[in-house]
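Residue numbers begin at 1 in each chain, while the letters A, B, ... track the order of the sequences.
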Number of protein chains: 2
Amino acid sequence: MKKLLLQNQLCFPLYALSRQVTAVYRPLLDKLELTYPQYLVMLVLWEADNKTVGELGDKLLLDSGTLTPLLKRLEQKKLITRQRNPADERQVTITLTEAGRDLQALAADIPTQLQASFQIDDQQAIQLRQQLTTLLQQLSPTNESNQ
Amino acid sequence: MKKLLLQNQLCFPLYALSRQVTAVYRPLLDKLELTYPQYLVMLVLWEADNKTVGELGDKLLLDSGTLTPLLKRLEQKKLITRQRNPADERQVTITLTEAGRDLQALAADIPTQLQASFQIDDQQAIQLRQQLTTLLQQLSPTNESNQ
DNA sequence: CACAATTGTATTGTGTGCAATATAATAAAC
DNA sequence: GTTTATTATATTGCACACAATACAATTGTG
């Protein structure tokens, strides 16, 4: 097999599909005035509030270079607050505001709306997610075999 | 199932894995002084030279807002030329320089090197690629059911 | 305790992605 | 054949991603 062909690469469909899926999210997230990465941060906080920047980064595999400006924008929108941890002034704790918590209700049906765009049954979706998650764990920095 | 949980989303693993895979490419592409999207453009041109900006965009699902500056950078590196099509002055034809063609030899073993990072057998990889490609076609703009 | 190493976040700079708009060339409509 | 519509690329502006660096707070070491 000629490996230097776009059609034979595993990585291009991954790259392209990721962007196309984000594009499907966009009109839904526009209503909440959120970008996709901002939505991911909100998802994490809705699940468990009061995370440090580092904890958010661990969950989302993003560093402070990406998160700090993103979080400042969420702060400007009054969805979160950013405050230094008095017990360890290096850390910054991210906390949902009431408006941030309220937004969860408006986001509740996004997963269902999105699912409708995919002609894929639940079983197949779960299996695909499992496969992607396994690969993700192989590559993630917490895997010792990647230093 | 609580759909508003990060762990239950299909899209987050897709987003995160895409970035992690690009990160695996990075040290390999650094040697060629290429970014991942630049590498994708070169892949298309190695397969068939003399593409217009629009044709590259169709293949890679990128628009001129992304491609134009990217192609200018490849031009600065003397890997491609950009010239208006005399038969239709609106189009810009992208052509590999000799240096651009020569670079293919240096890129030849990237797919193999990359594969080693994935603990996934060929059969599984092909099936996963098929699944991603199918989803991609469902979402791509050429699919009528998406307008 | 002093002081070096580490940790957590922020900043800077570069390169995408993408929406919105601009512009020039071609095609279509009349 | 002029006018209008469409097409192909470019430009602008904003928001990621991420490498590299900076900096302050904390921890480890003697």
Touch class at under 4.0 angstrom, heavy-atom based, for B/G65 against every strand present: base
No-H, no-angle donor-acceptor pair, B/S64 side chain to D/dA8 base, under 3.5 Å: no
Nucleotide C/dG15, atom P - distance to CG of B/L74 in whole Å: 11 Å
Of A/R84 and A/A23, the one whose closest DNA chain C nucleotide lies more 5': A/R84
Euclidean distance, atom CD1 of residue A/I94 to atom P of C/dG8 [Å, nearest integer]: 15 Å
Rounded interatomic separation in angstrom, taking NZ from B/K77 and C1' from C/dT14: 11 Å
Phosphate OP1/OP2 of C/dT9: any A/R82 side-chain N/O under 4.0 Å: no
Closest listed nucleotide, where the reference is the side chain of B/E89 and the choices are C/dG8, C/dT26, D/dA17: C/dT26
Touch class at under 4.0 angstrom, heavy-atom based, for B/L70 against every strand present: sugar-phosphate
Touch class at under 4.0 angstrom, heavy-atom based, for B/T52 against every strand present: sugar-phosphate
Spacing of B/Y36 atom OH relative to C/dT16 atom C1', expressed in whole Å: 13 Å
Phosphate OP1/OP2 of D/dC18: any B/R19 side-chain N/O under 4.0 Å: yes
Which nucleotide in D/dT9, C/dT11, D/dC18 has an atom nearest any side-chain atom of B/V53: D/dT9
B/L34 CG - C/dT14 P separation (whole Å): 18 Å
Proximal nucleotide (of C/dC18, C/dA25, C/dT9) relative to the B/D63 side chain: C/dC18
B/K59 NZ to B/L61 CG distance, which is reported to the nearest 0.5 Å: 11.0 Å
Any A/T66 side-chain nitrogen or oxygen under 4.0 Å from OP1 or OP2 of D/dA17: no
Nearest-0.5 Å distance, CG of residue B/L96 to CG of residue B/L103: 9.5 Å
Between C/dG17 (C1') and B/L61 (CG): distance, integer Å: 12 Å
Phosphate contact (D/dT11 OP1 or OP2) by B/K72 side-chain N/O below 4.0 Å: yes
Polar side-chain atom of A/R101 near backbone of A/W46 as donor-acceptor pair, under 3.5 Å: no
Contact under 4.0 Å: A/T35 side-chain N or O vs D/dC16 OP1/OP2: yes
B/G54 vs A/A87, nearer the 5' end of DNA chain D by closest nucleotide: B/G54
B/Q20 CD - D/dA17 P separation (whole Å): 12 Å
Side-chain donor/acceptor of B/D63 to backbone N/O of B/T66, under 3.5 Å: yes
Nucleotide nearest A/V92 when distance is taken to its side chain, options C/dG17, D/dA17, C/dA10: C/dA10
Distance, rounded to the nearest Å, where B/L17 contributes CG and D/dA17 contributes P: 15 Å
N/O donor-acceptor pair under 3.5 Å between A/T97 side chain and A/G100 backbone: yes
Sugar-phosphate, base or nothing in reach of A/A16, heavy atoms under 4.0 Å: nothing
Side-chain N,O (A/R73) to OP1/OP2 (D/dC16) below 4.0 Å: yes
B/T22 (side chain) donor-acceptor with B/S18 (main chain) under 3.5 angstrom: yes
Any A/Y15 side-chain N or O less than 4.0 Å from OP1/OP2 of C/dG17: yes
Distance test, side-chain N/O of B/Q38 to OP1/OP2 of C/dT16, below 4.0 Å: yes
Presence of donor-acceptor pair under 3.5 Å, side chain of B/R90 and base of D/dT9: no
Donor-acceptor pair, side chain of A/R84 and main chain of A/E89, under 3.5 angstrom: yes
